[in-house]
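Notes follow the structure.
Excluded from the calculations below are hydrogen atoms, water molecules and symmetry mates; all remaining heavy atoms, backbone and side chain alike, are included. Note that this is a predicted model, so its numbers are computed, not measured.
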Amino acid sequence: MASRFPAGFRRQGLRTLLAALLCTASMDAAGAREAQVPASWPGPDQLFVGACYQPIDRTPAQIDQDIAIMKHAGFTVVRMGDLSWDSFEPAQGKFTFDWFDAVLNKMHTAGIRVILDIPGTPAPIWLHRAYPGVDIVNQAGARLPPAERYMDNIGDPDYVREAGILAEAMTKRYAHHPAVIAVGYDNEIGNGFMSYSEADRQRFITWLRTKYGTIDALNKAWATQRWSRRLNDFSDVDLPLADGPGPAERFLDLHRYWSDVTVDRLRELDAIRRRTMPDLPTISNLWDYAPRRGFDYLATYKSYVSYGAEGFYPADPISGAFNALMTKGDLPTPIWFNEFTAGGGGDYGTPGRSRMYAYLGLLLGAQGILAWTFNSHLGGEEQALFGLVDHDGTPSWKVDEFGRIAGEFKQLSRYGFPRHTRPEVAIAYSFESAIASHPNGPSSTTRQYFQGAYGDMVQAAFEPLFKANIDTAIINVGHDTLAPYKLVVIPADYVMDPASAKAVRDYVQNGGTVLMTGYSAKVDEHAQWFDTPLPGRLSDVFGLKTNAFYRSEAPLSYSLGSSSTAATTHYYEVLAPTTATVLATFDNTPDHTPAITINKFGKGTALYLATEPAPAAMAPVLAYASGLAGVHQGPQTPDGVYARVVDGRTLYVNTTREAQRIAITGVKTGLVSNRRYDGSLVLGPWEAELLP
């Protein structure tokens with residue numbers, strides 16, 4: 001994932017003691033908080049463009065040539081150090097920093113700032129040989145050699161100790177280097193492997209003892225009375241299978257355990273940073289939704305993240321924007337793209353595409369973009385991944401494109417960028433719902449019930465808002481405050497734990513507006529179906545009960561107001577209102593069952609959509625709920641063109657391959673192109689413009 005930014009040169013001695021936190025948390029009409037960042041951090045009116053750089057592949061002469069290319073292109077930042085543990089520590093306790101010092105000094109001389117990445121993964125071969133517990137053991141009990149990146153058991157105490165020693169040494173050495181503007185942790189840490197050694201089983205048992213206390217409590221949480229699975233003692237516990245059969249309750253706790261292991265490593269590194277580099281922020285390339293393991297980022301991120309950062313490789317604008325905003329959460333700081341789309345595996349790149357996505361990033365609130373990667377790799381798994389500079393050292397056209405981005409961003413930093421967003425709408429995302437809705441199979445009937453990927457459903461709820469140019473935050477409702485938002489959307493949130501339920505209840509009680517969809521609030525925090533009316537823990541808030549569900553042969557449609565909407569979905573729940581009022585009914589279900597209900601609860605309003613979230617199903621009810629909640633509408637644009645108002649000016653980004661025309665008032669001159677527009681703005685394919 002992407003991260004952030006350079007700033008205040010030598011940190012001016014901590015810039016008046018962190019300048020007591022720049023700007024106070026002032027709330028606008030939406031209740032959004034202004035950014036609070038120390039003065040030594042990258043701040044307002046600062047945009048950064050650069051690349052990920054791995055000098056371990058380059059000779060001193062080549063490094064000089066590379067830096068000259070970067071300086072000529074106007075690059076202002078690089079990310080270095082990742083994936084290079086054994087270059088800093090070729091043997092245990094024997095550090096070699098001189099080579100890196102030289103590169104840092106050259107970057108500083110060239111005016112290029114550096115995000116220092118602590119390379120805690122992958123671990124070097126010497127660590128695996130000295131401490132076999134660092135090796136991964138698969139479900140069958142076989143030891144696996146570290147054949148590719150991230151095949152390290154980060155739960156092993158020897159790994160934890162040695163990774164901490166590395167981080168301590170690096171952060172102390174570079175705490176006051178004038179080139180360093182931020183520190184990052186363990187590149188893509190969420191993409192690691194689970195391990196099944198006996199030591200891992202014992203650590204899992206210790207985690208269960210801490211969580212549940214007694215074997216009786218664990219038996220209840222895991223429903224072990226089912227299918228004769230009772231545990232007589234904690235020693236009876238096996239590690240649940242990540243890939244294979246098993247009940248959902250254990251599968252969820254397995255992922256919670258490995259999430260906690262991952263988060264513990266990040267918090268340990270952040271404790272070192274706070275001690276050795278307290279005036280520098282974190283900008284870490286994390287990967288919380290990685291399919292192999294992942295971790296619960298949105299429930300924990302504020303304890304180790306200063307700026308949300310990610311690797312940005314969008315398949316399309318909507319999914320790219322969605323993932324970026326998941327990284328941001330409700331942080332008041334901008335987004336950083338620590339790795340930014342340039343070419344790709346087997347993909348040399350397409351002229352104009354990176355620039356278009358750079359402007360889309362600006363629209364989302366980005367501050368820094370770093371191309372992955374500067375040099376095309378000459379060996380290893382990614383040698384067919386094409387960077388800005390070709391394999392023979394020749395700068396490609398991509399250097400010029402990123403140079404153009406750097407030049408334009410330098411000008412745009414005068415016009416309110418990076419953009420401070422103030423979302424009035426929040427969408428709920430839950431790591432636990434993602435895991436519990438898709439437990440390991442093949443016998444799990446949950447997989448038969450919850451059809452479709454949870455993440456896709458949350459993105460489907462996001463899509464109509466993004467197309468309407470409405471800023472949206474992606475948050476965990478049980479861990480982030482809901483008070484700043486006028487509307488909270490809860491799509492297919494399968495797990496409804498006590499903290500989330502209380503947050504939703506209190507928010508509506510105090511005057512907020514909530515929209516929930518089908519598949520939500522079906523199981524408790526143990527992934528067990530509620531034995532109370534559904535939606536669990538919130539039936540009275542929504543004023544209904546919904547137990548029965550069906551799947552129609554034809555796609556559903558519903559009528560809201562005077563128009564009918566083709567929802568494109570088949571799953572629907574039968575809503576039995578108690579205090580709720582029916583707003584809309586399905587056109588093509590038996591008895592025309594309720595499609596949307598609305599309920600007054602306390603001072604607020606709770607709406608329920610009786611189908612799964614899909615863009616066509618969500619768009620009308622989101623428009624209705626937004627109007628009800630008083631959400632400010634975004635600029636009107638053609639499909640595929642996105643826009644936001646920034647300090648009284650409007651940034652437009654055409655993400656399509658066709659020219660698009662947008663009506664404007666009067667005559668205006670574009671601040672990107674310097675073109676004059678009279679009555680309409682015409683944007684070419686993949687073009688962007690800022691109009692006063």
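Side chains of Glu198 and Gln202: a donor on one and an acceptor on the other come within 3.5 Å. At a cut-off of 3.5 Å, with distance as the only test, no side-chain donor of Tyr449 or Thr445 sits close to an acceptor on the other residue. Tyr150 and Asn187 are linked by a side-chain donor-acceptor pair at a separation below 3.5 angstrom, with hydrogens and angles left out of the test. Side chain to side chain, Tyr301 and Asp480 meet the donor-acceptor criterion of an N or O pair below 3.5 Å.
The main-chain N or O of Leu575 is never found under 3.5 Å from a side-chain atom of Thr546 such that the two would form a donor-acceptor pair. Judged by distance alone, with hydrogens and angles left aside, the side-chain atoms of Arg79 form no donor-acceptor pair with the main-chain N or O of Leu370 at under 3.5 Å. The closest donor-acceptor contact from the side chain of Glu463 to the backbone of Ala460 lies at 3.5 Å or more, if one exists at all. The closest donor-acceptor contact from the side chain of Thr341 to the backbone of Phe312 lies at 3.5 Å or more, if one exists at all. The backbone N or O of Leu325 lies less than 3.5 Å from no partner atom in the side chain of Thr327, so there is not a single donor-acceptor pair. Judged by distance alone, with hydrogens and angles left aside, the side-chain atoms of Trp207 form no donor-acceptor pair with the main-chain N or O of Val261 at under 3.5 Å. Distance alone, capped at 3.5 Å, places no donor-acceptor pair between the Asn219 side chain and the Arg230 backbone. Distance alone, capped at 3.5 Å, places no donor-acceptor pair between the Asp260 side chain and the Tyr257 backbone. Remark: the backbone N or O of Ser520 is paired with a side-chain donor or acceptor of Lys522 at under 3.5 angstrom. The closest donor-acceptor contact from the side chain of Asp186 to the backbone of Ile189 lies at 3.5 Å or more, if one exists at all.
Here the closest non-hydrogen pair linking Thr569 and Ser552 is O-OG, 4.3 Å. In this structure, Ser235 and Ile205 approach most closely via the heavy-atom pair CA-CD1, 4.5 Å. Taking every heavy atom of both residues into account, Asn476 and Ala299 meet most closely at ND2-CB, 4.1 Å. Here the closest non-hydrogen pair linking Tyr485 and Ala473 is OH-CB, 3.6 Å. For the residue pair Ala315 and Ser319, the shortest heavy atom distance occurs at N-OG, 4.0 Å. In terms of heavy-atom proximity, Ser303 sits nearest to Arg274 at O-NH2, 4.2 Å.
A cation-pi arrangement is absent between Arg265 and Phe295, since the terminal nitrogen or guanidinium carbon is not both under 6.0 Å from the aromatic centre and inside a 45° cone about the axis.
For Lys172, the NZ atom sits in a loose shell: 12 or fewer heavy atoms of surrounding residues, nucleotides or ligands are nearer than 6.0 Å. Residue Arg292 places its CZ atom among more than 12 non-hydrogen atoms of other residues, nucleotides or ligands, all under 6.0 Å distant.
Taking the six-membered ring for Trp and thresholds of 30 and 60 degrees, Phe466 and Phe462 have nearly parallel ring planes, at less than 30 degrees apart. The aromatic rings of Tyr212 and His526 sit tilted, their planes meeting at an angle between 30° and 60°. Classified by interplanar angle (parallel below 30°, tilted 30° to 60°, perpendicular above 60°), the ring pair Tyr454/Tyr429 is tilted. Aromatic ring pairs are classed by plane angle as parallel below 30°, tilted from 30° to 60° and perpendicular above 60°; the pair Trp222 and Phe204 is parallel. Using a 30° and 60° split on the angle between ring planes, Phe542 and Tyr608 fall in the perpendicular class, above 60°.
Judged as a side-chain contact (heavy atoms from CB on, under 4.5 Å), and not counting sequence neighbours, the contacts of Ala548 are Tyr550, Val574.
Under the 4.0 Å criterion applied to side-chain N and carboxylate O atoms, Glu249 and Arg229 are not assigned as salt-bridge partners. Using a 4.0 Å cut-off between a side-chain N of Lys or Arg and a carboxylate O of Asp or Glu, Lys302 and Asp330 qualify as a salt bridge.
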Check step by step if side chain to side chain contact (heavy atoms under 4.5 Å, CB included) holds for Tyr159 and Leu127. CA-CA 8 Å; Tyr159 168 86; Leu127 184 59; 4.1 Å; yes
Decide side chain to side chain contact (heavy atoms under 4.5 Å, CB included) for Leu538 and Val508; before the verdict, give the C-alpha distance in whole Å, the side-chain angles of both, and the deciding distance to 0.1 Å. CA-CA 11 Å; Leu538 294 170; Val508 178; over 6 Å; no
Check against side chain to side chain contact (heavy atoms under 4.5 Å, CB included), Ile125 and Asp86: CA-CA 8 Å; Ile125 297 298; Asp86 63 3; 6.0 Å; no
Residue pair Asp238, Arg250: steps toward the salt bridge (charged side-chain N to carboxylate O under 4.0 Å, His left out) verdict: CA-CA 10 Å; Asp238 289 314; Arg250 301 184 189 204; over 6 Å; no
Salt bridge (charged side-chain N to carboxylate O under 4.0 Å, His left out) between Asp270 and Arg267, intermediate numbers included: CA-CA 5 Å; Asp270 203 57; Arg267 286 172 171 162; over 6 Å; no
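Between Asn232 and Ile215 there is no side-chain heavy-atom pair separated by less than 4.5 Å. At least one side-chain heavy atom of Pro535 sits under 4.5 Å from a side-chain heavy atom of Leu544. Taking 4.5 Å as the limit, some side-chain heavy atom of Thr96 sits within range of a side-chain heavy atom of Pro90. Residues Met194 and His255 meet the side-chain proximity criterion, which asks for heavy atoms closer than 4.5 Å. Side-chain atoms of Tyr304 and Tyr297, non-hydrogen and from C-beta on, do get closer than 4.5 Å to each other. Side-chain contact between Met516 and Met496: present, with at least one pair of heavy atoms (C-beta onward) separated by less than 4.5 Å. Within the 4.5 Å cutoff, the side chain of Phe251 has no heavy atoms near those of the Pro240 side chain. A 4.5 Å side-chain heavy-atom check between Thr532 and Arg537 finds every atom pair outside the cut-off.
Asn153 contributes atom CG, which lies 11.0 Å from atom CG of Leu144 (distance to the nearest 0.5 angstrom). Rounded to the nearest 0.5 angstrom, Leu269 CG and Thr171 OG1 are separated by 9.0 Å. Note that CG of Asn547 is 12.5 Å distant from CZ of Phe530, once rounded to the nearest 0.5 Å. Rounded to the nearest 0.5 Å, atoms CD (Glu89) and CH2 (Trp126) are 4.0 Å apart. One finds the CG atom of Asp493 at 12.0 Å from the CD1 atom of Ile427 (value rounded to the nearest 0.5 Å). If you take CZ on Phe549 and OH on Tyr572, they are separated by 11.0 Å, rounding to the nearest 0.5 Å.
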Could you go through residues 135-142 and list every donor-acceptor pair under 3.5 Å that involves a side-chain atom there, pairing it with any protein atom two or more places apart or in another chain?
unit_1: Asp135; atom_1: OD1; unit_2: His128; atom_2: ND1; d: 2.6
unit_1: Asp135; atom_1: OD2; unit_2: Arg143; atom_2: NE; d: 2.5
unit_1: Asp135; atom_1: OD2; unit_2: Arg143; atom_2: NH2; d: 3.4
unit_1: Asn138; atom_1: OD1; unit_2: Ala140; atom_2: N; d: 3.0
unit_1: Asn138; atom_1: OD1; unit_2: Gly141; atom_2: N; d: 3.1
unit_1: Asn138; atom_1: OD1; unit_2: Ala142; atom_2: N; d: 2.9
unit_1: Gln139; atom_1: OE1; unit_2: Ala242; atom_2: N; d: 2.8
unit_1: Gln139; atom_1: OE1; unit_2: Asp243; atom_2: N; d: 2.7
unit_1: Gln139; atom_1: NE2; unit_2: Asp243; atom_2: O; d: 2.9

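Pro245 pairs in a side-chain contact (heavy atoms from CB on, under 4.5 Å) with only one of the listed residues (Pro442, Ser444, Pro439), which is Pro442.
Tyr519 and Tyr494 have their aromatic ring centers separated by at least 6.0 angstrom.
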